[in-house]
Colleague: 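Sharing a structure with you now.
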Amino acid sequence: MTPANLAATVLTATRAVFVARGLDAAVLPETTTVERPRNPEHGDYASTLALQLSKKVGVPPRELAAALAEELGRQPGIKSVEIAGPGFLNIRLDAAAAGVLARDIVLAGPEYGHTGRLAGQRINLEFVSANPTGPVHIGGVRWAAVGDALSRLLRASGAEVGTEYYFNDAGSQIDRFAKSLLAAARGEPVPEDGYGGAYIGEIAAQVRERVPDADSLETFREIGVELMFAEIKASLAEFGVHFDTYFNEKDLHARGELDEALERLREQGHTFEADGATWLRTTDFGDDKDRVLRKSDGDWTYFAADCAYYLDKRKRGFDRVVIMLGADHHGYVGRMKAMSACFGDDPAVNLEILIGQLVNLVRDGEPLRMSKRAGTVVTLEDFVDALGVDAARYALARYSSDSQIDIDIDLWTRATRDNPVYYVQYVAARTANVARNAAEVGLTRGEPDDFQPGLLAHEKENDLLKALGEYPAVVASAAELREPHRVARYLEEVAGAYHRFYDKCRVLPMGDEPITDLQRARLWLNDATRTVIANGLALLGVSAPERM
RNA sequence: GCGCUCGUAGCUCAGCGGAUAGAGCAGUGGACUUCUAAUCCACCGGUCGCAGGUUCGAAUCCUGCCGGGCGCGCCA
């Protein structure tokens, strides 16, 4: 029995009690959940439904709980139901009812944990979006890991997802980049406001390799951007991140989408003219100040392009536009939300802006700021060079994006318990190893129908089963809350439960002992664990090694 | 000044209104003739920044302070 099944059973039993007692069934929720109490004395699962409903129907919580407990106790698979505290229902399952989960998980395989929770939603995810003026730096790195994990989570939850990288290869940043390249090629010093990392010299040299007599700004701009962007894509690819769409701001201008956006905003009545410029009255929707769309010199502002880009995404059918920004851009949230409202959208539904706090790479307690390539910032390549792809992705995805984090290079490259990614990956390797050894001695799971779930009655087996059962709910809530770190934390919990199971419950026969049904049942559990760990790591873009 | 965000064990961090607030590290003490100990077990460690409020119940929600980070252009 899965937690979801049990929750449904609780609700069914509650409905039966309501009917029997003539209570108003209209107050019953559509769905409910059961919790997994930390304290084993509180049962395998607990429901707070009696507490939630008692006031609504005017029945004292413990009295309502007693009625629910009696009805629930009659349901198949449930061993006992106790009332505790103000009206908690503490539920214990039959070992067999709990154990079948192992088989369900193995049979579901890579699909285990996938739900239709977000079915019908069309979600656009924009992240990284670094302009091709240098390597992807620290602000983009966190979102490369978290945004990519989020896209996998949302897809696993049934949403239709489009990932997107937005860039501008025609603006003044690019001018400075091109001027820096040209100066480097000519052996001149870095221009004022130019870019100074070592990569500038490398790219400049590559441009000269391709066009030996290159000496125009235009040549360096065109080829330099091409080379830089290819490099960004390559380092993202090495990191395991691919985008469905690379969106260039130039295309918005070329297609006249800024004019169109302005027209739409004007129709909605939120624009005005002042000081020779065209403004959007974002203060109508809570922004600090109104924003200029078209400057008095006739040029568009960057914000105008943001408006057009948002409209473009909406026109492409995305009902939820998610944009991931670094903390240094959080000042844009107000105007972006207001802009969405100005289009007539509901910013609470149609536009989500996620702000990721800053990341420091730390070595020996000192922040690592120097980069050979980019000069003063830490790049994606620095991360991968220092930690490797798996540890880098896991380290970035393991923490709430709301908190600033320090990533200790020494910790994340260690092969011990303190390194969470090794701790989790070691379970993947251990389960694979047990499966290999089992095959060698002729131990197989056997046919699904011959599986005897009731044999999985050991405390550590029960703990592991309960942990594995949480997986679908963890994935769904991580997707809904846009918080991939929940998956990582959960995997660490499963890893702990498996290591404790491994320590206490031997799967393989000793010496030439005959093979028993218990060992076969444990092999189901072993393989179910591997399924959950592999599925969860896949959501984070981290490998589940067969051996370590 | 205004806004966003964070403040939980010595350190790094979990905890989408539930029971006695958790994990790892650090510290102390244990477990390897093993299914690879890259593991496991025990002990130690807390005014959940402070003060109010909401309610059966608050680390969690609301308000005000205090402290850290970041941001407040007709820049891109």
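Just so we're clear, the structure is a prediction, and the values are computed from it rather than from any experiment.
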Colleague: Name the nucleic acid region contacted by A:N90, choosing base, sugar-phosphate or nothing; use a 4.0 angstrom heavy-atom cut-off, strictly under.
Modeller: base
Colleague: Honestly, is A:R417 close enough over A:Y423, meaning NZ or CZ under 6.0 Å from the six-membered ring centre and within 45° of the axis?
Modeller: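 Yes, a cation-pi geometry.
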Colleague: Within the structure shown, what part of the strands sits under 4.0 Å from A:H499 by heavy-atom distance: base, sugar-phosphate, or nothing?
Modeller: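 Touches sugar-phosphate only.
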Colleague: Indicate whether A:F88 forms a stack on B:A19; treat it as stacked only if centroid distance is below 5.5 angstrom and interplanar angle below 30 degrees.
Modeller: yes
Colleague: A:D44 and salt bridge (charged side-chain N to carboxylate O under 4.0 Å, His left out): which single residue from A:R36, A:K466, A:R92 fits?
Modeller: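 The single option meeting the salt bridge (charged side-chain N to carboxylate O under 4.0 Å, His left out) with A:D44 is A:K466.
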Colleague: In whole Å, what separates the C1' atom of B:G71 from that of B:U12?
Modeller: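 So the two C1' atoms sit 27 Å from each other.
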Colleague: Applying the Watson-Crick and G-U wobble criteria at under 3.5 Å, what pairs with B:A19? Answer none if nothing qualifies.
Modeller: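 Because no pair has both required distances under 3.5 Å, B:A19 counts as unpaired.
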Colleague: Look at the side chain of A:Y332 against the base of B:A76 and say whether a donor-acceptor pair falls under 3.5 Å; ignore hydrogens and angles.
Modeller: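 Yes, a donor-acceptor pair under 3.5 Å.
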Colleague: Given B:C72, B:U5, B:C74, identify the nucleotide with an atom nearest to the side chain of A:Q357.
Modeller: B:U5
Colleague: Check this for me: does the side-chain of A:D299 come within 3.5 Å of the base of B:A76 through a donor and an acceptor?
Modeller: no
Colleague: What distance, rounded to whole Å, do you find between the two C1' atoms, one in B:A21 and one in B:C40?
Modeller: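 About 25 Å, rounded to a whole number of Å.
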Colleague: C1' atom, B:A51 versus B:C66: distance in rounded Å?
Modeller: 11 Å
Colleague: Per the atom types in the model, does the base of B:C70 pair as donor or acceptor with the side chain of A:H330 at under 3.5 Å?
Modeller: yes
Colleague: A cation-pi test, strictly: NZ or CZ of A:R281 under 6.0 Å from the centre of the six-membered ring of A:F272 and no more than 45 degrees from its axis. Yes or no?
Modeller: yes
Colleague: Which whole number of Å gives the distance between the P atom of B:C72 and that of B:A26?
Modeller: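 One P to the other, the span is 42 Å.
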Colleague: At 4.0 Å (heavy atoms only), tell me whether A:S400 reaches a base, stays on the sugar-phosphate, or touches nothing.
Modeller: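 Sugar-phosphate only.
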Colleague: Can we say A:D287 and A:R291 salt-bridge, meaning some charged N sits less than 4.0 Å from an Asp/Glu carboxylate O?
Modeller: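 Salt bridge present between A:D287 and A:R291.
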Colleague: Restricting both atoms to N or O, compile the protein contacts to nucleotides 10-12 of chain B shorter than 3.5 Å, with distance only.
Modeller:
none

Colleague: Indicate the ring-plane relationship of A:W412 and A:Y394, choosing parallel, tilted or perpendicular according to the 30° and 60° boundaries.
Modeller: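 A:W412 vs A:Y394 ring planes: tilted.
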Colleague: Rounding to an integer number of angstrom, what distance separates B:G49 and B:A9 when you compare their P atoms?
Modeller: 8 Å
Colleague: Tell me whether A:E513 contacts the main-chain N or O of A:M510 through its side chain, where contact means a donor paired with an acceptor under 3.5 Å.
Modeller: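 Yes.
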Colleague: What is the nucleic acid contact for A:G85, judged by heavy atoms within less than 4.0 Å: base, sugar-phosphate only, or nothing?
Modeller: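 Nothing: the residue A:G85, judged by heavy atoms under 4.0 Å, touches no strand.
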Colleague: Quick check on the 6.0 Å ring-centre criterion: do A:F501 and A:H458 meet it?
Modeller: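 No, the ring centres sit 6.0 Å or more apart.
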Colleague: If you look at every strand shown and take non-hydrogen atoms under 4.0 Å, does A:A84 touch a base, only sugar-phosphate, or nothing?
Modeller: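 Here A:A84 touches the bases of the nucleic acid.
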Colleague: Under 4.0 Å, heavy atoms only, any strand: does A:S477 hit a base, just the sugar-phosphate, or nothing?
Modeller: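 Counting heavy atoms under 4.0 Å across all strands, the contact made by A:S477 includes a base.
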Colleague: Below 3.5 Å, does any donor atom in the side chain of A:S296 face an acceptor in the base of B:C74, or the other way round?
Modeller: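 Counting by modelled atom types and ignoring angles, a donor-acceptor contact under 3.5 Å is found here.
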Colleague: Indicate, with a heavy-atom threshold strictly under 4.0 Å, whether A:A415 touches base, sugar-phosphate, or nothing.
Modeller: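 Contact class for A:A415: base.
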Colleague: Quick one: do A:K504 and A:E459 make a salt bridge, cutoff under 4.0 Å?
Modeller: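 Here A:K504 does not pair with A:E459 in a salt bridge, since their nearest N and O are not under 4.0 Å apart.
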Colleague: Both A:K504 and A:S401 contact RNA chain B. Which one's nearest nucleotide lies toward the 5' end?
Modeller: A:S401
Colleague: By a strict heavy-atom criterion of less than 4.0 Å, which residues belonging to residues 417-436 of chain A are in contact with RNA chain B?
Modeller: A:R417, A:D418, A:Y422, A:Y423, A:Y426, A:R430, A:N433, A:V434
Colleague: Quote, to the nearest angstrom, the C1' distance that separates B:C16 from B:U60.
Modeller: 9 Å
Colleague: Would you please determine if the base of B:G71 is stacked by A:H329, with stacking meaning a centroid separation under 5.5 angstrom and planes under 30 degrees?
Modeller: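 Stacking is absent between B:G71 and A:H329, given that the ring centres and planes do not meet under 5.5 Å and under 30°.
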Colleague: Between A:R500 and A:K460, is there a donor-acceptor pair closer than 3.5 Å when you use the side chain of the first and the backbone of the second?
Modeller: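 Looks like no, no N/O pair under 3.5 Å.
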Colleague: Pick base, sugar-phosphate or nothing for A:N39, based on heavy-atom distances below 4.0 Å to the nucleic acid.
Modeller: base
Colleague: Which nucleotide sits closest to the side chain of A:R38: B:G15, B:A76, B:G22?
Modeller: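 Among B:G15, B:A76, B:G22, the one nearest the side chain of A:R38 is B:G22.
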